[in-house]
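In what follows, chains carry the letters A, B, and so on, assigned in the order in which the sequence lines appear, proteins first and then strands, with residues in each chain numbered from 1. What you see below is based on every heavy atom in this structure, not just the backbone, and it leaves out hydrogens, waters and symmetry mates.
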Amino acid sequence: MSPSGQEFPRLSSKEKVILDLLAERGRMYGLQLVSDSHGKLKRGTVYVTLGRMEQKGLIESEPEKLTDDSGLVPRRMYRATSYGVRVLEIWTRLARELVWEVGR
Amino acid sequence: MTHVGDYRRLPGFRLRRFAEKRLDRSAVEMLVLPIIADLQHEYSSLPRSTVARLLVLLGGYWGYWKAIGLHMVTGPRRKGNLMVGFSMRRWTLLIFASIIFAGTATYGWFRPVMYRSETRLLIEPALVSDGELTASEIKDRVESQAQSIVQLLESRSMLERIVEEFRLRENRVPGMENAIKSIRKNIEIAKGPENVISIAYRAPDARAAQAITHRMAEVLIVSNLTSMRMKAMEKVRFLDNQLKRAKLELAESLGRTSPVKVQGSYHQQLLFLEQAQLQQHVDEIDRMKFKARMAADAIADVSSGGYRILDDASLAESPMFPTRAQFFGLGIAAALVVALPSVLVSRKGLRGSAQSAS
């Protein structure tokens, strides 16, 4: 069950890519996710997807702490929650089993 | 890096102000600020005045508006977001609506008013049955006749005749090619039920439309009559030749048979053979006679014309849809459809939606 007590959440392909990257590399910002996804994520959709995932409890975010006073807006850094990592593991295992079943 | 106090020159300043006015706080924090932050960091990491900076800006703005659009459609408080969306585009929509109305009205005003005249023709099938007809005669069946009508009406010779007769080249369209194109565009040929074909013509003048439609039907009937007469005459000529040949052969056979009869019974076998041949000739002549009768029927059919006018070309009392007034109505309707959302979202309504969103 998810933190909100609802049924097990589904992961879209984009959400899976994001969770994969965050689980592997830790904290990342939006544009970094886009560039590291090798074209799987787009600049126009990644932020909406990240917002939705945060609402689902799959990831969490906080503003970056800037050391200088450049006037830049601090970037929002995202990382996978333990719940998100667990969902990803289950989804990966399910996908693997499904591939095995289909290939049998 | 950009210096302190230079934040107004950083990209995204206006985008942020716009979003803060229009969207709720959580959307600004979770969606807008991350986009602007990433854009600013990427932008400031590049050297000044480079094409790369311009590309980053374009990409960033594209991402921003796409994300805002997605948020409006899929995000929470969907109705409120849509209202905000409309308010953002209110003036754009109004201008767009005005352009649509002005364009439609202008086109409607300058577009010639058209009248349509229609005539209906009945294709009468041939009176002779298919079994008695040759392959070339079978061609005159209803379906192929309909095809022939279309081909004839759209043929260059026919259209040239119409153009010359009604002086369409001098009056309206310069050049024969253009005149023919214009006529072709305005002819409508449709095959209806029960072997009926309707021919319609559209023209800016109701009487001209009627006259041209009537003339097309007339020419069609006359051409068909001429064609059928020619076919019947060919057939008669052919039968005449056949009859002459048969008579000649018969006379020759009779001439050969007479001496055999005189010589006695030992030529009996030869006589039978000659008689059989003779009988064949007689049968042949009978068949020819029958065919000649059929040809006469076909000629009788020719006299009915093959096509009969069911309804003469009508005189249109009112112009075709859409008239100028209808065009104006359409323009207003189209403009309203575009402008309605922006009209409905009044200033008061906007304030309400903005409050509910925040």
Other residues, nucleotides, ligands: >12 heavy atoms within 6.0 Å of B:Lys66 NZ: yes
Heavy-atom neighbours of A:Arg79 CZ exceed 12 at 6.0 Å: no
Of all heavy-atom pairs between [X] and [Y], which one has the smallest distance, and what is that distance?
X	Y	result
A:Pro74	B:Ala37	O-CB, 3.4 Å
A:Arg43	B:Gly59	CD-O, 3.5 Å
A:Val73	B:Arg16	CG2-NH1, 3.6 Å

To the closest 0.5 Å, what do you measure between [atom1] ([X]) and [atom2] ([Y])?
X	Y	atom1	atom2	value
A:Tyr47	B:Ile36	OH	CD1	10.5 Å
B:Ser26	A:Glu54	OG	CD	10.5 Å
B:Asp38	A:Glu64	CG	CD	9.0 Å

Interchain contact, B:Glu29 with chain A, by part (heavy-atom threshold 4.5 Å):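 The backbone, not the side chain.
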Heavy-atom pairs under 4.5 Å with chain A, option from B:Ala27, B:Gly12, B:Gly63, B:Gly69 with the top count: B:Gly63
Residues of residues 11-38 of chain A near chain B, each having a heavy atom less than 4.5 Å away: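 Interface residues of residues 11-38 of chain A: A:Tyr29, A:Gly30, A:Leu31.
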B:Gln40 side chain vs A:Leu72 backbone, donor-acceptor pair below 3.5 Å: no
